[in-house]
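Everything below concerns the one structure shown next.
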Amino acid sequence: MADRQLIAIDYPGRRDSGRLLDLRLEEHGFDVRYPIQLHSPDEPDAGAHTAALIKASGAEPDRLAGVLGYCMAGHLAQEVAGRLAADHGVVLPVVLVDSTPCTAASVAEECRAVFEVFGAGAGGPLPGPGALEALLDPGTLRDRPSYVIATLRDAMLRRVMETLAEDGAEERELEEAAAPVVDHYVSWLTHLVAAHNCTAPAWGGEVLHLVSRDHPFRADWPGSAATRTEAVDADRAGLPGTARARETVLAFLRDTTGR
């Protein structure tokens with residue numbers, strides 16, 4: 001019999017922390033798919049982003065045993081489960097690790113951190129006082145997500161090109177040099193905007209939420225049929241690699257899927 005599959009939503013390279021990979025579920029008979037590592041979708045619309053994640057995973061709906069999400073990818077994991085339930089009639093459990101709803105304030109905080117990387121200061125490279133707050137208004141994030149990402153990219157690209165211009169290169173050369181750096185961070189912000197725009201669908205499945213010792217969000221997960229919150233005496237970085245985290249996930253999957 002082919003191994004049961006799991007879809008794991010975990011954005012690489014943006015935190016000094018553990019990874020869903022650290023759960024080592026592959027060693028326990030699961031075929032774990034990490035779609036963002038294969039292709040990070042560039043669609044900030046939640047529906048399109050979710051569809052791209054499912055496609056990139058290559059998972060087969062009738063072999064799936066669950067969906068996992070790390071940090072603010074929790075709502076993306078839920079959205080994946082909701083789409084699979086709607087399109088294929090499979091009701092999957094969702095495993096979250098130190099997750100929290102992705103708010104407009106969370107997106108703004110990450111934007112400011114990115115601007116600091118580019119030396120633009122916390123106010124960012126957008127013109128005018130309050131420009132970032134206006135751009136990242138919850139309504140604008142939901143109604144015009146592509147506009148938000150395009151505006152952020154243009155502002156960051158200009159900032160990097162201004163920095164590189166001190167070397168006297170031509171504008172075309174400057175843009176070619178700046179674009180890969182900017183797009184690395186734009187990919188992360190696109191991920192967050194898509195997470196913010198998820199609808200928290202009630203798909204009929206249960207949630208296991210593993211939380212580290214200092215994680216603040218421990219409420220029932222919005223849209224879940226039931227939430228089991230399991231606190232582990234570990235810091236954020238070490239949580240996924242603990243034996244207790246792994247054993248708790250395996251027990252939850254056995255309870256909810258019979259495997």
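The structure displayed is predicted, hence computed values, not measured ones. Numbering starts at 1 and runs along the sequence shown.
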Please report the shortest heavy-atom distance between [X] and [Y], naming the atom on each side.
X    : Y    : value
L64  : I7   : CD2-CG1, 3.8 Å
W203 : G82  : CB-CA, 3.7 Å
T248 : L210 : CG2-CD2, 3.9 Å
P240 : A245 : O-CB, 4.3 Å
L96  : A77  : CD2-CB, 4.4 Å
P138 : A104 : CG-CB, 3.7 Å

Do [X] and [Y] sit within salt-bridge range, that is, some charged N less than 4.0 Å from a carboxylate O?
X    : Y    : result
D255 : R228 : yes
D22  : R24  : no
R246 : E27  : no
R112 : E133 : yes

message: As a quick check of understanding, evaluate side chain to side chain contact (heavy atoms under 4.5 Å, CB included) for C111 and L136, giving each step before the final call.
response: CA-CA 9 Å; C111 276; L136 300 182; 3.8 Å; yes
Hey, could you give me the [atom1]/[atom2] distance between [X] and [Y], rounded to the nearest 0.5 Å?
X    : Y    : atom1 : atom2 : result
F115 : M156 : CZ    : CE    : 6.0 Å
E247 : H28  : CD    : NE2   : 8.0 Å
L84  : E79  : CG    : CD    : 11.0 Å
R4   : E60  : CZ    : CD    : 11.5 Å
L6   : D31  : CG    : CG    : 8.0 Å
L21  : Y70  : CG    : OH    : 11.5 Å

Report yes if some heavy atom in the side chain of [X] is under 4.5 Å from a heavy atom in the side chain of [Y]; otherwise report no.
X    : Y    : result
V107 : C102 : yes
P44  : H49  : no
I36  : Y11  : yes
H88  : R83  : no
L250 : L25  : yes
M72  : S99  : no
P41  : L53  : yes

Between [X] and [Y], is there a donor-acceptor pair closer than 3.5 Å when you use the side chain of the first and the backbone of the second?
X    : Y    : result
T242 : L239 : yes
R63  : Q5   : no
T190 : V186 : yes
E110 : L192 : no
T50  : A46  : yes
T256 : F252 : yes

Residue pairs fulfilling salt bridge (Lys or Arg N to Asp or Glu O under 4.0 Å) with at least one residue in residues 38-50, sequence neighbours excluded: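 Listed by first then second residue: nothing to list.
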query: What salt bridge (Lys or Arg N to Asp or Glu O under 4.0 Å) pairs are there with at least one residue in residues 175-200, not counting sequence neighbours?
result: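 Sorted result for residues 175-200: R153-D183, R172-E176.
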field: Under the side-chain hydrogen bond (donor to acceptor under 3.5 Å, both in side chains) test, residues paired with D233 that sit two or more places apart
entry: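 Expected list: R213.
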Tell me whether [X] shares a hydrophobic cluster with [Y], the cluster being built from Ile, Leu, Val, Met, Phe, Trp, Tyr side chains joined at under 4.5 Å.
X    : Y    : answer
L132 : I149 : yes
L20  : V211 : no
V117 : L189 : yes
Y185 : Y147 : yes

task: Please assess V94 against E206 for the test side chain to side chain contact (heavy atoms under 4.5 Å, CB included), listing each intermediate value before the final yes or no.
output: CA-CA 6 Å; V94 172; E206 296 183 31; over 6 Å; no
- prompt: With respect to P93, which candidate in V249, T257, V207 satisfies the side chain to side chain contact (heavy atoms under 4.5 Å, CB included) definition?
  reply: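 The single option meeting the side chain to side chain contact (heavy atoms under 4.5 Å, CB included) with P93 is T257.
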query: Would S212 and D235 satisfy side chain to side chain donor-acceptor pair (under 3.5 Å), going step by step from the backbone distance to the final call?
result: CA-CA 5 Å; S212 59; D235 61 19; over 6 Å; no
- request: Could you give me the CA-CA distance, side-chain angles and deciding distance for L141 and D137, then say whether side chain to side chain contact (heavy atoms under 4.5 Å, CB included) is met?
  value: CA-CA 6 Å; L141 284 171; D137 172 81; over 6 Å; no
task: Please work out which of the three classes, parallel, tilted or perpendicular, describes the rings of W221 and H209, given edges at 30° and 60°.
output: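 Because their plane-to-plane angle is over 60°, the rings of H209 and W221 count as perpendicular.
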message: T227 vs S224, test: side chain to side chain donor-acceptor pair (under 3.5 Å). Steps then yes/no.
response: CA-CA 6 Å; T227 302; S224 65; 2.7 Å; yes
query: What do you reckon, is CZ of F217 surrounded by more than 12 foreign heavy atoms closer than 6.0 Å?
result: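 Correct, the count exceeds 12.
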Verdict with reasoning, L68 to L23, per side chain to side chain contact (heavy atoms under 4.5 Å, CB included): CA-CA 11 Å; L68 294 83; L23 288 166; 3.8 Å; yes
